[in-house]
Novice: 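My questions all concern the structure below.
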Amino acid sequence: MANPGPEKERQMLGLFLVPGVYLRVLADVVRQLGHNDRVLYEGMAFTPQDLKSNDSRVFVTDAVVMVERALTLAGKDGLSFTLARELRVTIHGTLGFAALTSPTLAGALDSVRRYLQLRVPFLTMAVTDAGNHVLVRLRTEFDVPTQYRFLAETVSATLMMLAEQLIDRDDAEKRGFALETGKLPGVKVQLTSPEPSYYSRFAPQLPVPFEYGQPEETMVFPKGLLDTRMRLADAEASRMARDQCEFELQKALKDQGDISYAIRNMLHVMPGPLPSLETMAERFCVSSRTLKRRLAEKDTTYREIEDAVLEDRATQLLRYTNQSVSEIAYELGYADLSNFSRAFRKWTGKSASEFREGGPDPAPEVGP
């Protein structure tokens, strides 16, 4: 199977959908910042009117194009922080309601972690206990380097603003975390990107400090703060909202069709090294055992899918680039060239050098 061409890859990414309301708000913010938001819709198969429906969905590939255009117009104006301010809790639908009614801030974060892909399918969250602090790390599923800073900044700022608005201040004060002048004590956001020029203008308005040039995209919370009650805590309402989120998540996964095809598509747009079975199972919100069983029902395994994707990438890189065999092995995630050489011979019956000497095909095959 050959690497898909741009159009086929676009269709693959299109398996993932973004709520239209986010793009509608994005366009509104671009207009508020003094730019022509109509530019964002040029060439799209939908109009601003189409995005007014609460259940509208847009291909993630179209969302990427709109965000890129918005950044070109208003990125230097602080688009991320301005957008975060407009993304109020009700915009996030059942996920927002589940967080809003969670018994504690920890419960709210757990709802966001589990169901974030329903709203932002190319981002995931991982929560780590680090002694007196809890670290919430953001990771991107797709390689969108021009937008990653924007996504990380927007999502982090949105979560911090909502946390500041929704926690019970009296309970926080009793636990030693008094909110003074709208600031969340002991909380901070760390981002890998350099500090943008607009940050100093927004810093006084943000509930937490943002630290740039850090090793990872991380939100740092004092562990004790996570036990704080939410202002509108309602365990039963939160459970019902989470049940609805779970229903939506499983429906979304089912709508993607053949899970082996969905995994193959996802792996095709991920940079190497490819994720483990356990990581992929977490991405689909199932156990690794369940994922193995579902793949067995399709007469395949995760290793077989992974090998097919790696073989495809390797052959395309050998045919259509001037990269050395060592460079290709490294790009595919092989730390040891000999391991790559053995794998390639197993896939094709030839060494990588022999395969390259055979010359390229007239044109790469397109399709699954």
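Side chains included, hydrogens not; waters and symmetry mates left out as well; all remaining heavy atoms used. Here the structure is a predicted model, which is why all the values come from computation and not from measurement.
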Novice: Using atom types as modelled and distance alone, determine if a side-chain donor or acceptor of Ser56 lies under 3.5 Å from a backbone N or O of Lys52.
Specialist: no
Novice: Check whether any side-chain N or O of Glu354 sits under 3.5 Å from a backbone N or O of Ser351 as a donor-acceptor pair, and report yes or no.
Specialist: yes
Novice: Considering only heavy atoms from C-beta outward, does the side chain of Lys223 approach that of Asp129 to under 4.5 Å?
Specialist: yes
Novice: Can you give me the closest heavy-atom contact between Val325 and Phe340, atom names plus distance?
Specialist: CG1-CE2, 3.8 Å
Novice: Should Leu179 and Ile167 be marked as a side-chain contact (heavy atoms from CB on, under 4.5 Å) after you check the CA-CA gap, both sets of side-chain angles, and the distance that decides it?
Specialist: CA-CA 10 Å; Leu179 275 71; Ile167 65 172; 3.8 Å; yes
Novice: Please report the shortest heavy-atom distance between Asp170 and Asp168, naming the atom on each side.
Specialist: N-OD1, 3.0 Å
Novice: Hydrophobic clusters here meaning ILVMFWY residues chained together by side-chain heavy-atom distances under 4.5 Å, can you tell me if Leu95 and Met240 are in one?
Specialist: no
Novice: Heavy atoms only: give me the nearest Leu51-Arg24 pair and the separation to one decimal.
Specialist: O-NH1, 3.3 Å
Novice: Return the CG to CG distance between Leu274 and Leu310, rounded to the nearest 0.5 Å.
Specialist: 5.0 Å
Novice: Between Glu304 (side chain only) and Thr301 (backbone N and O only), is there a donor and an acceptor less than 3.5 Å apart?
Specialist: yes
Novice: Any salt bridge between Arg303 and Glu306, counting N to O under 4.0 Å?
Specialist: yes
Novice: State the CG-CD distance between Leu249 and Gln244, to the nearest 0.5 angstrom.
Specialist: 11.5 Å
Novice: Can you list the steps and then say if Glu248 with Arg119 is a salt bridge (charged side-chain N to carboxylate O under 4.0 Å, His left out)?
Specialist: CA-CA 11 Å; Glu248 291 178 20; Arg119 300 296 178 257; 3.8 Å; yes
Novice: Work out which heavy atom in Ser111 is nearest to a heavy atom in Ser102; give both atom names and the distance.
Specialist: OG-OG, 4.1 Å
Novice: Check whether any side-chain heavy atom of Leu135 sits under 4.5 Å from a side-chain heavy atom of Val127, and report yes or no.
Specialist: no
Novice: Taking only Lys NZ, Arg NE, NH1 and NH2, and the carboxylate oxygens of Asp or Glu, determine whether Asp336 and Arg342 approach each other closer than 4.0 Å.
Specialist: no
Novice: May I ask you to test the Leu191-Ser156 pair for a side-chain heavy-atom distance under 4.5 Å?
Specialist: yes
Novice: Go through the steps for Met160 and Met219 under the test side-chain contact (heavy atoms from CB on, under 4.5 Å), then give the verdict.
Specialist: CA-CA 9 Å; Met160 293 303 167; Met219 290 170 277; 3.5 Å; yes
Novice: Determine whether Asn132 and Pro222 make a side-chain contact, defined as any pair of heavy atoms from C-beta on separated by less than 4.5 Å.
Specialist: no
Novice: Ala70 and Val30: which non-hydrogen atoms are nearest, and at how many Å?
Specialist: CB-CG2, 3.8 Å
Novice: Taking Ala296's backbone N and O only, do any of them form a donor-acceptor pair with Thr300's side chain (distance below 3.5 Å, no angle check)?
Specialist: no
Novice: For the hydrophobic clusters of this structure (ILVMFWY residues joined by side-chain heavy atoms under 4.5 Å, transitively), does one cluster hold both Tyr330 and Tyr334?
Specialist: no
Novice: Work out which heavy atom in Leu123 is nearest to a heavy atom in Leu116; give both atom names and the distance.
Specialist: O-CD2, 3.8 Å
Novice: Give, for atom CZ of Arg57 and atom CG of Leu23, the distance between the pair rounded to the nearest 0.5 Å.
Specialist: 11.0 Å
Novice: Kindly work out whether a path of hydrophobic side-chain contacts (I/L/V/M/F/W/Y, heavy atoms less than 4.5 Å apart) joins Leu87 to Leu71.
Specialist: yes
Novice: Report yes or no: do Val220 and Leu184 belong to one cluster of Ile/Leu/Val/Met/Phe/Trp/Tyr joined by side chain heavy-atom distances under 4.5 Å?
Specialist: no
Novice: Within the distance-only criterion (no hydrogens, no angle test), does the side chain of Gln147 pair as donor or acceptor with the backbone N or O of Val64 below 3.5 angstrom?
Specialist: yes
Novice: Using a strict cut-off of less than 4.0 Å between a Lys/Arg side-chain nitrogen and an Asp/Glu carboxylate oxygen, indicate whether Arg114 and Glu246 qualify as a salt bridge.
Specialist: yes
Novice: Please determine whether a side-chain nitrogen of the Lys or Arg among Arg175 and Glu173 lies less than 4.0 Å from a carboxylate oxygen of the Asp or Glu.
Specialist: no
Novice: Could you check if a side-chain atom of Ile263 sits within less than 4.5 angstrom of a side-chain atom of Met280, using non-hydrogen atoms only?
Specialist: yes
Novice: Atom CG in Leu33, atom OG1 in Thr82: separation rounded to 0.5 Å?
Specialist: 5.0 Å
Novice: Would you give the length of the straight line joining atom CZ of Arg242 to atom CZ of Phe97, rounded to the nearest 0.5 angstrom?
Specialist: 14.0 Å
Novice: Using the rule given for salt bridge (charged side-chain N to carboxylate O under 4.0 Å, His left out), can you reason through Lys292 versus Glu297, listing the C-alpha separation, both sets of side-chain angles and the distance that settles it, and then say yes or no?
Specialist: CA-CA 9 Å; Lys292 286 180 182 178; Glu297 291 170 356; over 6 Å; no
Novice: Crowded around Lys183 NZ? As in, over 12 foreign heavy atoms under 6.0 Å?
Specialist: yes
Novice: Within the structure provided, determine whether Leu100 and Met230 are in side-chain contact (heavy-atom separation under 4.5 Å).
Specialist: no
Novice: Ignoring hydrogens and angles, tell me if any N or O in the side chain of Asn36 forms a donor-acceptor pair with the backbone of Arg38 under 3.5 Å.
Specialist: yes
Novice: Does a donor on one side chain and an acceptor on the other come within less than 3.5 Å for Tyr212 and Glu153?
Specialist: yes
Novice: Are the side chains of Met66 and Arg69 in touch, meaning some heavy atoms are under 4.5 Å apart?
Specialist: no
Novice: Which ring pair (Phe, Tyr, Trp, His ring centres under 6.0 Å) pairs, counting each pair once, include a residue from residues 20-46, with sequence neighbours left out?
Specialist: Tyr22-His92
Novice: Do the side-chain N and O atoms of Arg229 and Thr104 include a donor-acceptor pair separated by under 3.5 angstrom?
Specialist: no
Novice: Show your reasoning for whether side-chain hydrogen bond (donor to acceptor under 3.5 Å, both in side chains) applies to Ser338 and Ser341.
Specialist: CA-CA 5 Å; Ser338 61; Ser341 298; over 6 Å; no
Novice: What do the steps show when you test Phe202 against Arg85 for side-chain contact (heavy atoms from CB on, under 4.5 Å), and what is the final call?
Specialist: CA-CA 11 Å; Phe202 288 89; Arg85 193 167 54 208; 4.3 Å; yes
Novice: Determine whether Phe344 and Glu311 satisfy the following criterion, side-chain contact (heavy atoms from CB on, under 4.5 Å), listing intermediate values before the conclusion.
Specialist: CA-CA 7 Å; Phe344 192 84; Glu311 177 188 357; 5.6 Å; no
Novice: Examine distances only and state if a side-chain atom of Thr218 and a backbone atom of Val136 form a donor-acceptor pair shorter than 3.5 Å.
Specialist: no
Novice: Is it true that Phe210 and Phe81 have ring centroids separated by less than 6.0 Å?
Specialist: yes
Novice: Determine, for Arg239 against Glu236, whether the closest basic-nitrogen to carboxylate-oxygen distance falls under 4.0 angstrom.
Specialist: yes
Novice: We want to know whether Glu217 and Thr192 form a side-chain donor-acceptor pair, criterion being a heavy-atom distance below 3.5 angstrom.
Specialist: yes
Novice: Checking side-chain polar atoms at under 3.5 Å, does Ser287 have a donor or acceptor matched by the opposite partner on Thr290?
Specialist: yes
Novice: Do Glu216 and Gln190 pass the side-chain hydrogen bond (donor to acceptor under 3.5 Å, both in side chains) test, and can you show the C-alpha distance, the side-chain angles, and the key distance before you say yes or no?
Specialist: CA-CA 7 Å; Glu216 291 184 287; Gln190 298 177 326; over 6 Å; no
Novice: Would you say Arg113's side chain and Met125's backbone share a donor-acceptor pair under 3.5 angstrom?
Specialist: no
Novice: Would you give the length of the straight line joining atom CG of Leu291 to atom OH of Tyr302, rounded to the nearest 0.5 angstrom?
Specialist: 8.0 Å
Novice: I'd like to know if the side chain of Arg231 and the backbone of Gln165 have a donor-acceptor N/O pair within less than 3.5 Å.
Specialist: yes
Novice: Verify, without hydrogens or angle tests, whether Thr348 (side chain) and Lys350 (backbone) share a donor-acceptor contact under 3.5 angstrom.
Specialist: yes
